[in-house]
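Predicted model, so just to flag it, every value in this text is computed and none were measured.
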Amino acid sequence: MMVRNAEPGDRDDVSRLHFMAGPNVYKYFFACDDVKAVAINRLLYDTPDTFCSRQYYHVYGPPGGVQGLVGMYPGRDNTALGKNAGRYVRGLAGITGPLSLLRMALRYRMSHRIPALGEDELYIEALAVYPEFRGRGVSSVLMRFAFEECERMKLENVSLFTEINNERAISIYRAKGFRVEKTVLLPRRFLKHNLYGFHKMIAPVKRIRL
């Protein structure tokens with residue numbers, strides 16, 4: 001088995017895993033429930049140049065199967081990718097309804113609280129493994145691939161965000177060479193969405209420990 005580019009037939013697996021990588025975040029930004037959030041991922045998967053587009057996903061698993069995924073892109077592209085998603089308002093409204101779409105537009109303001117991505121970074125937007133395949137080294141293989149891609153692109157750092165209450169993920173990333181570069185604590189009103197804040201974590205491409 002090896003890491004490969006995501007293909008059209010991987011859409012359902014990738015959409016589910018992408019949601020699993022940060023369910024509280026996706027439900028907040030998409031202003032909808034789990035089912036609709038996955039449906040939005042399915043829609044954007046087939047459209048180019050958004051943060052959910054197939055071109056940015058890589059999967060691991062046997063032929064015809066998916067056990068885990070990593071989604072990543074250069075940090076310099078982040079703003080443009082977010083704006084491009086706005087081109088598909090009609091499709092999004094068909095999934096969420098107009099009220100949720102309005103909430104989505106308002107909630108997008110929270111993204112301004114999140115630390116900016118650097119020009120020299122490869123940003124891991126999503127890293128997820130199906131529960132039945134965890135503990136088998138799948139995430140390490142995907143992370144190693146991300147660092148290889150970072151080096152291939154001649155970028156200097158790999159970055160990601162993790163929720164500040166996700167202690168298990170923070171411990172794993174620290175063990176792999178990441179450090180907390182910046183922490184953002186969210187106001188109390190976000191607690192009802194199970195959102196407390198974020199760490200931006202970063203690791204130099206030359207110092208990966210996998």
Side-chain angles (χ1 to χ4, degrees), residues 1-8 10-11 13-23 25-26 29 38 40-42 44-61 66-85 111 114-130 133-134 137-163 166 169-170 172-182 198-210:
M1 291 187 287
M2 60 183 293
V3 180
R4 58 177 174 79
N5 296 334
E7 300 173 352
D10 299 321
R11 183 180 64 176
D13 282 307
V14 168
S15 298
R16 286 193 293 269
L17 283 163
H18 188 193
F19 175 75
M20 289 168 55
V25 175
Y26 297 132
F29 275 115
V38 172
I40 290 173
N41 282 331
R42 285 169 52 88
L44 296 179
Y45 184 80
D46 291 323
T47 61
D49 299 320
T50 77
F51 57 85
C52 297
S53 298
R54 173 165 56 91
Q55 69 203 81
Y56 299 112
Y57 287 121
H58 303 270
V59 299
Y60 176 86
V66 175
Q67 297 181 3
L69 73 78
V70 60
M72 55 191 175
Y73 51 79
R76 59 178 176 266
D77 296 343
N78 188 58
T79 300
L81 294 178
K83 290 180 178 178
N84 286 343
S111 62
I114 299 175
L117 300 177
E119 292 283 320
D120 63 345
E121 296 172 18
L122 178 66
Y123 172 54
I124 296 180
E125 194 271 338
L127 178 66
V129 178
Y130 277 127
F133 299 114
R134 292 172 187 169
V138 176
S139 63
S140 291
V141 172
L142 291 167
M143 186 69 77
R144 183 180 300 113
F145 178 80
F147 273 80
E148 290 170 354
E149 284 294 286
C150 184
E151 192 165 24
R152 184 184 66 80
M153 294 180 186
K154 301 187 184 306
L155 299 173
E156 296 182 7
N157 301 291
V158 176
S159 65
L160 53 83
F161 291 101
T162 183
E163 295 178 64
N166 191 344
I170 295 167
I172 290 172
Y173 293 139
R174 284 188 185 277
K176 295 183 184 300
F178 285 82
R179 62 174 175 82
V180 174
E181 182 186 62
K182 190 170 184 179
F198 305 93
H199 291 310
K200 179 184 178 183
M201 303 188 74
I202 194 167
V205 67
K206 297 296 185 181
R207 297 183 185 178
I208 184 64
R209 297 197 299 273
L210 293 172

**Asked** Quick check, are the ring centers of Tyr45 and His18 under 6.0 angstrom apart?
**Response** no
**Complete:** Nearest heavy-atom contact between Phe198 and Glu163 is CE2-CG, 4.0 Å
**Message:** Once rounded to the nearest 0.5 Å, what's the spacing between atom NZ of Lys182 and atom CD1 of Ile114?
**Reply:** 11.5 Å
**Full working for side-chain contact (heavy atoms from CB on, under 4.5 Å) between Val66 and Arg4** = CA-CA 10 Å; Val66 175; Arg4 58 177 174 79; 4.0 Å; yes
**Message:** One pair to check against side-chain contact (heavy atoms from CB on, under 4.5 Å): Asn157 and Cys150. What are the steps and the verdict?
**Reply:** CA-CA 7 Å; Asn157 301 291; Cys150 184; 5.8 Å; no
**Donor-acceptor pair, side chain of Thr50 and main chain of Cys52, under 3.5 angstrom** = yes
**Asked** Between Met143 and Ile124, is any pair of side-chain heavy atoms under 4.5 Å apart?
**Response** yes
**Request:** Determine the minimum heavy-atom distance between Phe147 and Ala203, stating which atoms define it.
**Result:** CZ-CB, 3.7 Å
**Request:** Tell me, with the steps shown, if Glu121 and Val158 meet side-chain contact (heavy atoms from CB on, under 4.5 Å).
**Result:** CA-CA 5 Å; Glu121 296 172 18; Val158 176; over 6 Å; no
**Prompt:** Hey, what do you get for CG (Leu117) to OG1 (Thr79), rounding to the nearest 0.5 Å?
**Reply:** 8.0 Å
**Request:** Look up atom OH in Tyr60 and atom CZ in Phe145, then write down how far apart they are to the nearest 0.5 Å.
**Result:** 13.0 Å
**Asked** Do Tyr130 and Met20 come close enough that some side-chain heavy atom pair is under 4.5 Å?
**Response** yes
**Message:** Measuring only between side-chain heavy atoms, which start at C-beta, is Ser139 closer than 4.5 Å to Arg134?
**Reply:** no
**Complete:** Shortest non-hydrogen pair, Val38 vs Ser15, comes out as O-CB, 3.9 Å
**Message:** Could you go through Tyr56 and Leu81, starting from their C-alpha distance and side-chain angles, then the distance that decides it, and tell me whether this counts as side-chain contact (heavy atoms from CB on, under 4.5 Å)?
**Reply:** CA-CA 11 Å; Tyr56 299 112; Leu81 294 178; 3.6 Å; yes
**Item:** Taking every non-hydrogen atom, the tightest pair across Arg54 and Glu7
**Value:** CD-C, 3.5 Å
**Any Arg174 side-chain heavy atom under 4.5 Å of Val180 side chain** = yes
**Prompt:** Heavy-atom distance under 4.5 Å between the side chains of Phe178 and Ser159, does that happen here?
**Reply:** no
**Prompt:** Side chains of Phe51 and Tyr73: closer than 4.5 Å at any heavy-atom pair?
**Reply:** yes
**Item:** Heavy-atom check, side chain of Leu155 versus side chain of Glu149, under 4.5 Å
**Value:** no
**Asked** Ala128: what forms a side-chain contact (heavy atoms from CB on, under 4.5 Å) with it, not counting sequence neighbours?
**Response** Leu17, Ala21
**Message:** Distance check, rounded to the nearest 0.5 Å: Leu160 atom CG versus Met72 atom CE?
**Reply:** 12.5 Å
**Complete:** Closest heavy-atom pair, Ser140 versus Lys176, reported as atoms and distance to 0.1 Å, is OG-NZ, 2.8 Å
**Prompt:** Looking only at heavy atoms, what is the nearest atom pair of Pro74 and Met153, with distance?
**Reply:** CG-SD, 4.2 Å
**Prompt:** Rounded to the nearest 0.5 Å, what separation is found between the CG atom of Leu69 and the OH atom of Tyr57?
**Reply:** 7.0 Å
**Request:** Starting at NZ of Lys200, measure out to OH of Tyr123 and round the result to the nearest 0.5 Å.
**Result:** 9.5 Å
**Any Ile40 side-chain heavy atom under 4.5 Å of Tyr26 side chain** = no
**Message:** I'd like to know if Glu119 pairs up with Arg76 as an ion pair, taking the criterion as any Lys NZ or Arg NE/NH1/NH2 lying under 4.0 Å from an Asp or Glu carboxylate oxygen.
**Reply:** no
